[in-house]
Each structure stands twice: as structure tokens, then as C-alpha cells.
Protein chains: 2
Amino acid sequence: MDAYQYIKKAILHGEFPPKMRLTEEYLAKEIQISRTPIREALKKLESEGLIVSLKRGVRVRHFTKKDILQIYDLRKLLEGYAAAQASIHRTDSDLEEMEGANEEYGNVIHHHFKTGDSTIEDILERNQRFHECIIKASQNQHIYSHISKVVVLPLIFRSFYWFNEDQMRYSYNVHNTILKAIKEKDMERARASMHEHIYHGRDQVLLHIHDVDQEYSPT
Amino acid sequence: MDAYQYIKKAILHGEFPPKMRLTEEYLAKEIQISRTPIREALKKLESEGLIVSLKRGVRVRHFTKKDILQIYDLRKLLEGYAAAQASIHRTDSDLEEMEGANEEYGNVIHHHFKTGDSTIEDILERNQRFHECIIKASQNQHIYSHISKVVVLPLIFRSFYWFNEDQMRYSYNVHNTILKAIKEKDMERARASMHEHIYHGRDQVLLHIHDVDQEYSPT
DNA sequence: TTTTATCAATTTGTATACAAAATGGCAATA
DNA sequence: TATTGCCATTTTGTATACAAATTGATAAAA
């Protein structure tokens with residue numbers, strides 16, 4: 001899905017900033033492709049909540065503080081449930097996979113700050129991979145289809161770009177706390193530590209919004 | 001969205017039964033419309049989980065017992081959260097609306113069984129309306145976009161779920177229990193009664209699937 | 001017999017033209 | 001000046017033609 005990737009990237013990189021109006025024809029010219037695949041891309045982006053459709057054209061979504069609180073509430077709910085289920089259902093190979101994913105996460109963090117040969121994008125990717133491993137281990141495959149709507153916020157607000165090394169290491173350590181609870185089949189601890197982890201991420205996003213009459217945009 | 005409604009209805013009414021393969025061209029001829037709107041409809045139906053796409057064409061989804069358990073788990077999570085939040089945030093006008101919706105629900109049930117001038121569709125619609133009122137009162141508008149994926153099961157399996165007057169009256173009474181908890185701002189009771197309500201619905205679906213080598217379809 | 005290669009048929013993906021709907025501005029009117 | 005109605009422009013919705021991909025069957029080769 002090429003047009004989709006292009007537009008999503010442009011939104012996340014701020015080239016199409018919040019509230020910008022986009023028309024199919026404009027995007028078709030921009031991406032050098034016909035309107036048909038553009039339309040499909042827009043439908044998908046709308047279902048992810050990155051754009052809202054108008055009567056003519058669409059608008060890049062801007063998120064209010066209320067949106068952020070509400071979406072993170074849902075993410076907490078879903079990922080907390082995933083962690084709890086994972087603590088019940090995880091197999092040994094699930095455990096290996098989750099631990100491997102978090103080690104990778106730790107590695108790219110290290111490389112990014114020490115040698116500089118890993119990018120923030122690499123870190124983001126490994127982080128996402130870790131969270132996906134937990135969902136996989138939860139044995140409820142239906143969670144996947146809900147997740148895409150609740151994970152866009154840190155991408156849009158690029159909160160990872162504001163993290164220093166200590167904060168990233170902290171996040172790596174919290175992952176290990178979650179893993180330990182899952183490994184020991186401590187369901188409520190798994191849920192609680194995941195909840196706390198998500199709330200912490202939420203607060204990072206909240207820190208970096210600027211407050212203009214109840215409306216907030218990424219910086 | 002016309003093609004969408006047509007196909008959805010056909011799936012829910014069993015005219016396109018589970019595992020049936022559908023091609024764009026076939027549907028275009030069937031509905032007397034070009035392939036373009038068909039494609040959009042199929043994308044939407046896929047995102048709701050009613051069909052799965054193949055490399056050529058799509059297939060009407062069939063739900064396994066595992067699917068049913070997993071989807072109802074997520075529904076329990078989302079609607080339980082909605083009820084809990086509603087018990088915190090509900091305004092007086094929210095309360096009126098919810099109570100009104102459930103009275104309507106009780107009325108169409110009565111009419112359906114006594115005078116016969118309400119259809120099962122009417123009942124289903126009022127039930128859905130009641131659940132939507134709770135989400136509205138929860139003050140987390142983002143729940144809506146997740147709900148469509150978790151409410152299809154009782155629709156697909158509806159023929160048996162909704163045929164018994166006692167069951168329906170019971171369901172109406174449970175709604176009132178949920179409402180009472182929300183009215184009294186008893187958050188955990190609101191959540192618990194909603195959880196129980198969803199589980200009860202799940203069990204009705206499970207009762208009426210037939211068990212053929214781990215695969216289940218509506219009868 | 002089993003496997004592989006090839007080709008025709010089916011079906012989706014993309015481009016494009018035209019129809020239908022929404023918008024904004026301008027002129028006429030109160 | 002403010003308001004209404006009309007029309008040109010913009011933009012989406014739909015149909016359709018053609019290109020690309022997938023499939024299944026048939027025939028050739030091991």
C-alpha cells in the first residue's frame with residue numbers, strides 16, 4: 001500500500017500538518033498516481049483516525065487534550081488486558097520471543113546513544129515489536145485490529161524524539177518488569193505494570209503539547 | 001452506503017453463508033452497480049471482520065468458538081469500561097436518554113410478542129441504541145470506532161438468540177440494573193453488571209453453534 | 001506416476017472520463 | 001447593508017477500459 005504509506009509518513013513528519021485540508025486530486029498529483037488508490041488510502045487513514053473526512057476533501061486530524069486522554073485510556077485497557085492474558089497463556093517460546101524483542105530494544109537504544117548507528121525510527125520499531133509480542137502471547141488475535149487506532153499518538157507527537165537516554169533505559173526496564181510478571185504468571189502485576197507503562201507514555205505526550213484554547217497540536 | 005448495506009444484509013441473513021467466496025464482478029452484477037463502490041464496501045466489511053480477503057476475491061467469514069470467546073472478551077472490556085465511565089460522567093440528560101432508550105426497548109419487546117407489530121430487527125435496533133447511549137454517557141467518544149468490530153456476533157447468530165420472550169424480558173431487566181448502578185454512580189457495580197450482561201449474551205451465542213471440528217457457523 | 005512448464009481464463013489493480021454534488025462568489029433585491 | 005438566489009468552479013462518486021497478477025488445467029518431461 002504505497003499511497004497509504006506516503007500520506008501517513010507525510011502526516012507523521014509534519015509535512016501535512018494538523019488541520020491541513022487535502023483533496024484527492026492534489027494527492028494524486030503529489031504522489032504521481034491516479035485517484036483510485038488515493039481514495040483507498042484515505043479510507044484506511046480515516047479508520048485509523050489520522051484524518052477526518054469533510055464533505056469535500058479530508059482534513060489532517062488535530063488531537064485535543066481530551067482526545068489524548070481518551071485514546072490512552074483505551075490503549076491502557078487493551079494492552080493491560082493483553083498483558084494479563086499473556087501471563088495466563090504464554091508459552092515458553094512466547095517468553096523467548098518477548099525477551100528477545102526487548103533485548104533488541106535495549107540494543108538499539110545503546111547503539112543510538114553510543115555509536116549513533118541506530119536511528120530513533122529503529123528504536124520506535126523495536127518498541128512496537130515488543131508490544132506486539134505481548135499481544136501475540138495473549139492468544140487473542142482480535143486485539144490486533146483494535147491496536148492501530150490507539151498507537152498513533154506517540155508517533156504523531158513524536159514523543160520518542162524528546163526522550164533522553166535515561167528515559168529510554170527506564171522504558172526498557174519497565175518492559176522487563178512486565179516480562180517478569182508474565183513469566184511468573186502474575187496476572188494482576190502484569191496488568192498493573194502495563195497500565196503504568198502506558199500512562200507514563202501518555203504523560204510524555206501531554207508534556208509536549210502546547211496549550212491553545214483547548215486545542216493541541218504536535219510540536 | 002448502499003452496496004455496503006446490501007452485502008452486509010445478505011451476510012447477516014445467510015444469503016451469503018460463511019465461507020462463501022465472493023468476487024467483485026459477481027457482486028457488481030448482483031447489485032447492479034459498478035465495481036468501484038463494491039470495492040469500498042468490501043474494504044469496510046473487512047475492517048468490521050465480516051469478510052476476509054483472499055488473493056482473488058473475498059470470503060464470508062466463519063467464526064470459530066475461539067473467535068467468539070475472544071471477541072466477547074474484548075466487548076466485555078470495552079463496554080464494561082463504558083459503563084464504568086458513564087457512572088462517573090453521566091449527566092441528568094444522559095440518564096433520561098438511557099432510561100428512555102431502555103423503555104423503548106421494553107416496548108418493542110412487548111409489541112413483538114403481544115401484537116406482532118414490531119419485528120426482531122426493531123428489537124435489535126433498540127438494544128443497540130441502549131448500548132450506544134451508555135457509550136455516549138461515558139464521555140469517551142473514541143469507543144465508538146472500536147465497537148463496530150465487537151457487535152457483529154449477535155447479529156450473525158441472531159436467529160436463535162432473540163426468539164425467546166423470557167430471555168428478552170430478562171435482558172431488559174439487566175439493562176435496568178446497569179442503569180441503576182450508573183444513576184447511583186456505583187462504578188464497580190456498573191462495570192460488573194455490564195460484564196455479566198455481555199457474558200450472558202456470549203453464552204447464548206455459544207449455545208447455538210454447532211460443533212464441527214473446531215469450526216462453527218450460524219445455523 | 002509425479003513433477004514441472006506453459007498458457008488461457010479469471011479476477012483484481014489502476015487510470016481516466018464523465019456525472020453528480022458541494023462550494024463560493026456575484027448580482028439582484030429588500 | 002444584509003440577504004437571497006443563481007451560476008461557474010471545484011471536488012467527489014461512479015462507470016468502464018485496460019494492465020497486472022493469480023489460478024487452474026493441460027501437456028511435456030523425468
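Chain A is the first sequence line, chain B the second, and so forth, proteins listed ahead of strands; every chain is numbered from 1.
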| message | Any salt bridge linking A:Arg126 with A:Glu104? Criterion: basic side-chain nitrogen under 4.0 Å from a carboxylate oxygen. | response | yes
| task | Before accepting this row, confirm whether a basic side-chain N of the pair A:Lys43/B:Glu40 lies closer than 4.0 Å to the acidic partner's carboxylate O. | result | yes
| query | Quick one: A:Leu22 CG to D:dT10 P, roughly how many Å, whole number? | reply | 18 Å
| message | Nearest to the side chain of A:Thr36, heavy atoms from C-beta on, is which of D:dT14, C:dT14, C:dT23? | response | C:dT14
| message | Tell me the interatomic distance from A:Leu54, atom CG, to C:dA22, atom C1', rounded to whole angstroms. | response | 12 Å
| B:Ile31 CD1 - D:dT14 P separation (whole Å) | 12 Å
| 5'-most by nearest nucleotide on DNA chain C - B:Glu25 or A:Arg35 | B:Glu25
| query | Rounded to whole angstroms, how far apart are CD on A:Glu24 and P on D:dT14? | reply | 11 Å
| So, is the end of the B:Arg202 side chain (NZ or CZ) under 6.0 Å from the ring centre of B:Tyr199 and within 45° of the ring's axis? | no
| request: May I have the distance from B:Ile33 (atom CD1) to C:dA20 (atom P), rounded to whole angstrom? | output: 14 Å
| task | Using whole Å, report how far CD1 of A:Ile38 lies from C1' of C:dA15. | result | 12 Å
| request: Return the nearest nucleotide to the side chain of B:Arg56; candidates are D:dT12, D:dT10, C:dT12. | output: C:dT12
| query | Strictly under 6.0 Å, is that where the ring centroids of A:Phe130 and A:His175 end up? | reply | yes
| note | From CZ of A:Arg21 across to P of D:dT12 the rounded distance in Å is 7 Å
| query | What is the distance from NZ of A:Lys55 to C1' of C:dA20, rounded to the nearest Å? | reply | 15 Å
| query | Can you check whether B:Ser34 has a side-chain N or O nearer than 4.0 Å to OP1 or OP2 of D:dT14? | reply | no
